[in-house]
Amino acid sequence: MLRFVLIFNVVLLLWFVGEAKTNTDTIVSYGIFLLLTVLLGVMQLVMSRRRKQREDDIRTAWDLMWRKLRRNKSAMAGMWVVTALCYVAILAPFLVPVDPYNMDWGAMSLGPTAGHWLGTDEMGRDTLARTIYATRVAMGIGLLAVVLNSLLGTSLGLLAGYYGGKTDNIIMRLLEFWNSIPFILLAIALMAALGSGLFNLVLVVSLTGILEFARIIRGDSQLLKKADYVNAARVMGIPNRQILRRHILPNCLAPIIVMATLRIGETILTIAGLSFLGLGVQPPMPSLGSMLANGQQFLYENIYMSIVPGSVILLIVLAFNLFGDGLRDALDSRITQ
Amino acid sequence: MLNYAIRRLLLLIPLLIFVSLFVFAILKLTPGDPATALLGDQATEEAIALARAKYALDEPLPVQYVHMMANFFNGDLQSIFHKDNVLSVVLHRLPATLELGLLSLLIAVIVSIPVGIISAVKRNSFFDYASMSMAMFGVSIPVFFTGILLIYLFAVILKWLPASGYGGHFWTIEGLRHMILPALSLSFVLMASTTRLTRSAMLEVIHQDYIRTARAKGVSRFMVVMFHAFKNALIPIATNIGNQVARMFAGAVLTETVFAWPGVGRLAVNAIFRRDEPLVFGCVLLMAVVYVVINLLVDLLYGFLNPQISYD
Amino acid sequence: MPESCVLKVEDLQVYFPVKKGVLKRTVGHVKAVDGVSFELRRGETFGLVGESGCGKTTTGKAIVRLEPSFGGKIFCQGREITHLSPLEMLPLRSCMQMIFQDPYSSLNPRMTIADIIAEPIRFHRPEADVSAEVVEYMEMAGLRKEYLLRYPHEFSGGQRQRIGIARALACKPQIIIADEPVSALDVSIQSQIINLMKTLQRELGLSYLFIAHDLSVVKHISDRVGVMYLGSLVEVCETGELYRKPLHPYTKALFASVPIPDPRKRSEKVPLQGEIPSPLNAPPGCKFQTRCPHATDRCRSEAPKLECAGEEHQVACHYWRDIQE
Amino acid sequence: MRSTRALPSKGKILSSDLILEVKDLQTVFITEEGVVKGCNGVSYSLKKGETLAVVGESGSGKSVTAMSILRLIPEPPGKIVGGQILFDGIDLVQATEKQMRKIRGNQIAMIFQEPMTSLNPVLTVGRQIGESLQLHQPELGKAATRARVIELLELVGIPSAEQRINEFPHQLSGGMKQRVMIAMALACNPRVLIADEPTSALDVTIQAQILNLIRKLQQQLGMSVIMITHDLAVVAETADSVAVMYGGRIVEYGSVDEIFHQAKHPYLEGLKRSMPRLDVEEEELYTIEGMVPNPLKLPSGCPFRPRCPQVMDRCCEEPPAISFSETHYARCWLYAEGGTDA
């Protein structure tokens, strides 16, 4: 299956090589795409070499998970949409029919026309182009924020869960205090204070919901700490650091992946919310939230200005949630949304 | 039970100090100066100096902090923008937010718990798939997008309900008409996640041994679900609703912005934009208090439902 | 400490603090293990038996330092190890190993069998030929070579216990603490593991601390047996002697309660009434006085000490001579 | 795969003496990996006041048979696909849910293995016992029910019943909870009590008390008991007749004396010799080689074939039930007319 994706990537690379050098934006995204394809190729090599080494019918825990996941149709649908969205996000400059920033004075706030498939906004900018770029921004920030969030949540959760006692108390009390500040006001205040650049947005969004993440990982690591194979490792004299790395973390991986996937959806909703309030991504850079806020003013004339960004947010979040649910059942961890 | 509640309320004080210090730090960190924001750029030098003196913006930070905290509690912390003391401005707006929040919580709970139970009992039936896909839909849709869609449908096309604005308390007809759309859009998210949780909590409980014991006693399937299973499933459901309340605050702010609803959330957002520091201070503190009180109520409810919890 | 004694425990105490109130003040202690002393000799199997809550598993865990001990001393190969730092413990770690009760929680599901058994070898003896030794230990535990790259979820309970034993052997231990190794297995599988443990003991000269609640299994495998009740040792004796002539009233009642697999030997009377008291507030004096038919005021006030009642036979009861007749 | 010969014990005993008869019961579970034959043609009968022990290792189908009697098998994965269960002239397999509800807890009661999880944690003890009374004897008023519950608690030996009635399950010990379970089962004086491994999770001194209690109540109330266990010692202590199960089928059936002193089937023989005993000094434990059978891949013919020391070619076919006395038969080719042809 990985081979088909690999071939598809190479075809795309050749297809776009012509337009690659038009401007910095295209070069950067082309570079990232190339890097990803090479990475995929290396992974494919490693996987096939390892499979030849073992007899064919040995099933690792990941094979088991993949087999269960493949049976869940909605999760597969979610996965394919997520993959498609990644392609759109990375190759945005190549896919865009027209420059999202140029204003076509002749066609202001129109519905779908031949020139603009999804119509234009009040300043004549093409909605489809802006949506593609906005998806790129949303996905980029969303993934980055979730990675930060997961790292923070996991490490705090592991420390609190594994070491217990005072460290556990301190970390959990702090997180409870942190969680009791109404998030949205905190985000707004921080954005107003630090200025609403992309970096601040990622920072703020990644600081939310740490309590939930840490609490689940803490629960899991407490359970794992009592497992007999951890006791066996301790009796062998293996130091705590190595136990955490070789025994606790690999078995915490399943809940972390599920939590991260489910949180991507939530993070994208939060980013859209902030942009809706005019705080997240600042114009002229396109963002789904601000497009939707804009669309509300023109509800009576051109409904497409609200429907398109809204349904794109819905599509992204739905895809991630479906995929996350599928992963949760396949890895049968008991995290409830 | 009582001294547990009192102890939890005492915990509120360190929390308030933590929150207020944090918010105060952020506000002071923001570049620019509230006075110029109020009077605009052309204002003369002395007017700005006067305003700064009036709102004690020149004293050293710790003094300002203590000054602000003292004024907030004895009610005469002046809002820069609203020319009135912060406490009354916020309390004036509080009912709108609380009514909206409670109504949407009510709608969500009334709809989602029965739907969750039925889809757990009739697992993998058509009803189960339908309700679960609706719930998945509800969790993924942004609150403000549902708001805009509802406005478009009911206000723009059908013109049954007003597009925005507050028409009085919800027990008045006019008030209710205004409140239906925002309450519906806010409750849609809560409804979705509570349905999913009710279903998984019920499924978890239905496979327990004591359910099998109950059936072995000859209890009918309906009674086993409604009496034995549901009473146990209520514990995780109540805990989740408590967590959802935190999420509702974010949703409330967004819904109030979509429907131009005169609530505390929107007040705070505008206050931040207008650099009205005392007002921001007041709003955040108040919302933190409301949040902690709600959490305490959920914990007490949790203790009431689960006999194994003892209030030592 | 005589050379032949590989493990000695002196007056071991393991207390769990009970915390109450907002500030989590310690208001009392659960005395899980309250003054236990015994010896384990080279090549011997010492059986530790008792009902749930008697502290036998906690004793085992305290010896390998999985549980912090409140008081008392533990000697392994002549050296006191009670308060050694993890670094100082390292050389001694390979001398004492543990096998566990629940086969489904004793193996890391994410590691292959080869890695599980190789982990101790790579840690203690990195220079050794790891893959050869892994195969050797697997065969010693009765597992076929083909299972090397498989994962734990493909094995039955009995096989998982064999993997646990192979992992313990990989450290070349002298002592193995077996915490209810066969309780979770079916009878036909149980006897396979018991026989395996006995052959390994003969071949490698291992000493076992065999912890279990099944009296028949303990009788079959142990050379000497210690009976525990609510955290203390009430009787220690050579196996045959103990099962023929128990002295302590609790041991007598315990043996009488065990059902005999022969319909012609049915016993009608119920040997012991009442419930096991909670370790939170253990009764004063002798802990068995609340259920003992011979309890007197002396029993209720003064806790009896282990005293010698014959060659290799100790009992902790004030009136064990009078009850004899 | 119907058994080739009719059961010998059917004709002799007066049918009026029989209270419950299971005939060729087949219950299957449909799982993703395939169809699991929980119990595969099981037949036994229960006389009035008799204790029948159903003994077997994990996966032998002993619990599935019991749960099928009260139709407590969860419908989506499990299904009764064959056989009859005759009780009071009704075939429980075909009975309607309404009829079954009248029998469950009233005529046939059941107690389970895990006392820790078998009681509803949010309901008081009195409420849970009272519930089966109100279900089957609605004419009892509130006070009468409460009095009856206290009487039941004292019957099963729970001290200070008035105070215990308002307590929650988490406040009781394992032994106490099992006594509450028994009180709940005996509330309506059932004619049959099915005990699914009632003492496996308890300590040996508490187990002795519970087994003794069940025997005393059985004599006092004259009810029949089906005792399901994996421990042959418990069988010897409580049973009148015994059914030994393996791989979803009864491999040997007989009175308790015949089973313990004239065992015929190699599996039963092996089981008895591989059990350490308190009263006998044995040097080396006998071991049955191989592993417990995987219900998904049961071998054709005799399920014990892969582990049997005296396996023959004929064992590939279904072994007949060869009887040795009125009440004793075993399913094994060793004792067929052709004798051992290996």
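Every chain is numbered from 1, with letters handed out A, B, ... down the list of sequences.
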Side chain proximity check, [X] to [Y], heavy atoms < 4.5 angstrom:
X	Y	result
D/T238	C/R266	no
D/Q209	C/S257	no
D/V256	C/R264	no
C/S188	D/R307	yes

Would you be so kind as to tabulate the donor-acceptor pairs closer than 3.5 Å made by side chains of residues 231-240 of chain C, with sequence neighbours excluded?
from: C/S232; atom 1: OG; to: C/K287; atom 2: NZ; distance (Å): 3.0
from: C/E235; atom 1: OE1; to: C/H248; atom 2: N; distance (Å): 2.9
from: C/E235; atom 1: OE1; to: C/T251; atom 2: OG1; distance (Å): 2.7
from: C/E235; atom 1: OE2; to: C/L247; atom 2: N; distance (Å): 2.9
from: C/E235; atom 1: OE2; to: C/H313; atom 2: NE2; distance (Å): 2.7
from: C/E238; atom 1: OE1; to: C/G240; atom 2: N; distance (Å): 3.3
from: C/E238; atom 1: OE1; to: C/E241; atom 2: N; distance (Å): 3.0
from: C/E238; atom 1: OE2; to: C/G240; atom 2: N; distance (Å): 3.4
from: C/T239; atom 1: OG1; to: C/S222; atom 2: O; distance (Å): 2.8
from: C/T239; atom 1: OG1; to: C/D223; atom 2: O; distance (Å): 2.6

Under the side chain to side chain contact (heavy atoms under 4.5 Å, CB included) test, which residues partner C/Q201, sequence neighbours left out?
C/T45, C/Y208

If the contact rule is any heavy atom under 4.5 Å from chain C, which residues of residues 262-272 of chain D qualify, in numerical order?
D/L271

Using non-hydrogen atoms and a 4.5 Å limit, figure out which bit of [X] sits close to chain D: side chain, backbone, both or neither.
X	value
C/Q273	both
C/R291	side chain
C/L215	both

Got a second to check how far [X]'s [atom1] is from [Y]'s [atom2], nearest 0.5 Å?
X	Y	atom1	atom2	result
C/Q192	D/Y286	CD	OH	10.5 Å
C/L254	D/T205	CG	OG1	7.0 Å
D/E57	C/I189	CD	CD1	6.5 Å

Quick one: which of [options] has the most heavy-atom pairs under 4.5 Å with chain C, could you say?
options	result
D/N212, D/L278, D/T287	D/L278
D/L202, D/D257, D/L232	D/D257
D/S58, D/G157, D/A208	D/S58

Which atoms of D/V235 approach chain C - backbone, side chain, both or neither, heavy atom under 4.5 Å
backbone

N/O donor to acceptor pairs below 3.5 angstrom from side-chain atoms of residues 168-175 of chain D, sequence neighbours left out:
from: D/Q171; atom 1: OE1; to: D/F168; atom 2: N; distance (Å): 2.5
from: D/S173; atom 1: OG; to: C/E275; atom 2: OE1; distance (Å): 2.4
from: D/S173; atom 1: OG; to: D/M176; atom 2: N; distance (Å): 3.3

Determine whether a donor-acceptor pair (N or O, by modelled atom type, separation under 3.5 Å) exists between the side chain of C/N195 and the backbone of D/L285.
yes

Do any N or O atoms from the side chain of D/R277 and from the backbone of C/I260 form a donor-acceptor pair under 3.5 angstrom?
no

Qualifying residue, where the test is side chain to side chain contact (heavy atoms under 4.5 Å, CB included) with D/M275 and the options are C/S191, C/S216, C/P261
C/P261

C/D214, C/L272, C/V49, C/V258 screened by side chain to side chain contact (heavy atoms under 4.5 Å, CB included) with D/V204, the one that passes
C/V258

Top residue by heavy-atom pair count (under 4.5 Å) with chain D, among C/Q190, C/H213, C/K265?
C/K265

